Amino acid sequence: MREDWKKCRLQADNMSTIRASTAETPTATKALSQPDLHPPLRSILARVLKVTLAVLLTAACLPFVPTAQVQEAEALEGTDDYTKLFGMQQWYGSPGQIAGKTLRCASTLSNGHYVLIESGWNSSAEFTALKPVSLLHDWTTTATATIPTISSVKEKAFHNSWLSIYISKTKDPKSDALGGTYNQIWQTPSSQTYDVNVSRKGIIQSNRNISSPGTSLAITAKYDASSQTFSFTAAGVTLSINDAQGTVGDDEAYLHINGGFGWVNSSNPHIAQPVANQTISLTFQSISLPNLSPEVRYVKLSRIDGTEIGKDDVVAPGERLRVECAVGNANNAAASGGYEEQYPMHVKLMNTDEHPTQGLSFVAGSVSINDTPAPSATIGGDGVPVILKGTQSTIVTWEAEVTGAHGGAVVLSQELVEDSFGGTFPHTVELVAERPLVSAPGDADPNDPSSWGTPGKDWHYTRLPAANANGWNTSPVTVTFYPGDYDVMELTPS
C-alpha cells in the first residue's frame, strides 16, 4: 500500500474522530479527547459500510465516506422529489441540500457551509435512504457528479475532496459492529489527481487512477442480484466487488451518499479564504429496475358463496363480496439463468379523479396472500405487502361491502408500489357496469306493483300512454320517474 495512502487514512481517522460533534457554523472547534464517543471514520467505514460503490474525490488527506444513487423504477411512475427518498445529516458545516434530483454534499457558496476543525476548514454532508433497498433484484443508477477541478484544488494547501456511495445494514452511519464494502473516487494527496477504488470493510480491493476528469463526471452504479456483484463506472473505469449480501449480512441495505472537501489556509489557518463557488453534488439521471415490469393480471369479483360476478350483473348495497387480484412481473429477464429475482412491493387501493374506486368498501381482517390469511394487512393505507418472484403470480384476496345505490357501478383502482424506490404502477377496472334505467311497459299501473314489480327498483320510469304500432303517439306523452335505486337526476342536452 502506498505511503501517502497510509498517511491519508491516518489523518482521516483523526479528523473523523471530531467530525460527528463539529459545529455547523464557521467557528473554531476544539478536538474531542474521547475518540470512543465518536468512532473514527475508518471505524465507521470498517463497521458500517456493507456494500458500497462510491466516487471519492480527494486532493489531500481528509476522511472519505461513501455515497449512493437512487431513482424511480423503470416502467413505474416515480418521484422527482428526493426528500421523499433521502434523509440528510450535516457533518462539517451545513452544506447539505436536496434540490429536486440534486443532492449537495459540500459547498463554499456560504460561510455557513464550512467549519474550522483544528487547523483545517471542512465541508461535508451525508444522505441516507429512508427505506432499505433490496439486494434480491437488479438495479441500476446513473448520475452526474459535480466535483472541484484539479486546478482549483491546487489553490489551497492540503486540499482534498471526495464523493462516495455505499450501502449499510442500518440507517446510522455511525453504527458499530457492521462490516462493509464501498467503492470510491478520490483525489490522491501526492499527485493531486483523482482515483477510483473499491473497498471491503475498509480494505481497498482495487484502485485505478482517472487523472483530471473535470468538474462534471458521469457515474453508473449497477447491482446484479444473481451474482451479488456491484459494479461502478466513472470516467471510463469500471470496478466491481462481489458477495454484497455476505458483506452486508442481509438481503437488504440502506443507500448512503457522502461527500466533502477540506483545505488549510497556510497564511492564516483561522481565516477560511476558500476557493469560491466550489460544490460537490450528485444529480440523478435515473434509477431503474431493468427487469421489473409489474402488472395486474386479473381482478375477479364474486359473492361470498363463490359465484363469480360479471360486468352486467347487479349487486345490492350492503352485500358482502370477495375481490381476488393476481399481480406479477411480466419481464422474463427476472427469471433467467436459473435465478428468480424478488421485488418487495405493496398492493393498495387508489381513489383519485384519474383512478377512482366506487361502490366498494374494504372489510378489515379479510386479506389473504396466496391463500394464507393476513388478518393484520389492509388494502387501504400502506397496502398489502407482496413479493413478485420471477414471473410467478401472487394472489391477493379480500372482502368488501357494496356501497352506493342498487344497480350502481363498481369500479376498483389499485396501485403496485415498489418498496425500494417508491415507484408506482396504477390499475383501474370496472367490475360491474352501472345498471341503466329500466322502463315499465306502457300499460303498467304504478298503483299495482304486484303486477309489474316495485317502482324504482324493478323499473324506474313510465312513458304513458304507450306508443302505437308505428312507435309514436298522437296525444301528449308523460314520462314519470320513480325514485328508489336512484334519487338524483342529471339532464344533459344532446
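Since we're looking at a predicted model, the values are computed, not measured. Quick note: residue numbers are just sequence positions, from 1.
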Are [X] and [Y] close enough that a side-chain donor and a side-chain acceptor fall under 3.5 Å?
X: Thr233; Y: Thr238; value: yes
X: Ser302; Y: Arg322; value: no
X: Ser134; Y: Gln342; value: no
X: Ser168; Y: His256; value: yes
X: Glu324; Y: Tyr298; value: yes
X: His346; Y: Asp419; value: yes
X: Thr307; Y: Asp305; value: yes
X: Asp224; Y: Ser226; value: yes
X: Glu340; Y: Gln392; value: yes

Return yes if some donor-acceptor pair links the side-chain N/O of [X] with the main-chain N/O of [Y] below 3.5 Å, else return no.
X: Asn329; Y: Ser293; answer: yes
X: Thr462; Y: Leu464; answer: no
X: Asn473; Y: Ser475; answer: no
X: Ser94; Y: His113; answer: no
X: His460; Y: Val438; answer: yes
X: Glu341; Y: Asp138; answer: yes
X: Thr357; Y: Asn351; answer: no
X: Thr229; Y: Ser227; answer: yes
X: Gln228; Y: Ala225; answer: no
X: Thr279; Y: Ser281; answer: no

Is there side-chain contact between [X] and [Y], with heavy atoms separated by less than 4.5 Å?
X: Leu239; Y: Val196; value: yes
X: Lys348; Y: Val417; value: yes
X: Leu255; Y: Thr128; value: no
X: Gln245; Y: Leu136; value: yes
X: Asn331; Y: Thr391; value: no
X: Tyr343; Y: Asn291; value: yes
X: Tyr461; Y: Leu437; value: yes
X: Lys131; Y: Ser420; value: no

What are the two closest heavy atoms between [X] and [Y], and how far apart are they?
X: Tyr254; Y: Ala129; value: CD2-O, 3.3 Å
X: Leu217; Y: Ala234; value: CD2-CB, 4.3 Å
X: Phe232; Y: Ala221; value: CD1-CB, 4.3 Å
X: Ser240; Y: Ser231; value: OG-CB, 3.4 Å
X: Ile280; Y: Gly260; value: CD1-O, 3.2 Å
X: Val299; Y: Cys325; value: CG2-SG, 4.1 Å

Could you give the distance from [atom1] ([X]) to [atom2] ([Y]), rounded to the nearest 0.5 Å?
X: Glu430; Y: Gln358; atom1: CD; atom2: CD; answer: 8.0 Å
X: Leu135; Y: Asp250; atom1: CG; atom2: CG; answer: 7.5 Å
X: Arg104; Y: Thr146; atom1: CZ; atom2: OG1; answer: 11.5 Å
X: His137; Y: Leu388; atom1: NE2; atom2: CG; answer: 10.0 Å
X: Cys105; Y: Phe261; atom1: SG; atom2: CZ; answer: 10.0 Å
X: Glu415; Y: Met350; atom1: CD; atom2: CE; answer: 4.5 Å

Item to complete: Given side-chain contact (heavy atoms from CB on, under 4.5 Å), test Ile304 with Glu399 step by step and report yes or no.
Response: CA-CA 8 Å; Ile304 295 301; Glu399 293 183 6; 4.0 Å; yes

Worksheet item: When you look at Trp398 and Val363, which way does the side-chain contact (heavy atoms from CB on, under 4.5 Å) test go after all the steps?
Response: CA-CA 7 Å; Trp398 49 280; Val363 176; over 6 Å; no

Practice prompt. Please work out whether the ring planes of Phe421 and Trp139 are parallel, tilted or perpendicular, with thresholds of 30° and 60°.
Written response: perpendicular

Item to complete: Could I get the full list of salt bridge (charged side-chain N to carboxylate O under 4.0 Å, His left out) partners for Glu308, not counting sequence neighbours?
Response: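 With sequence neighbours excluded, Glu308 shows a salt bridge (charged side-chain N to carboxylate O under 4.0 Å, His left out) to no residue whatsoever.
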
Discussion item. So for atom CG, which belongs to Asn370, do other residues, nucleotides or ligands contribute more than 12 heavy atoms lying within a distance under 6.0 Å?
Written reply: yes

Worksheet item: For Asn470, does the CG atom have more than 12 heavy-atom neighbours from other residues, nucleotides or ligands under 6.0 Å away?
Response: yes

Fill in: Worked verdict on Ser413 versus His355 for side chain to side chain donor-acceptor pair (under 3.5 Å)
CA-CA 6 Å; Ser413 292; His355 297 284; 4.7 Å; no

Discussion item. Working note: Leu289 + Thr140, criterion side-chain contact (heavy atoms from CB on, under 4.5 Å); need CA distance, chi angles, decisive distance, verdict.
Written reply: CA-CA 6 Å; Leu289 308 178; Thr140 301; over 6 Å; no

Item to complete: Might you work through the side-chain contact (heavy atoms from CB on, under 4.5 Å) test for Thr378 and Phe362, ending with a clear yes or no?
Response: CA-CA 8 Å; Thr378 174; Phe362 170 68; 3.4 Å; yes

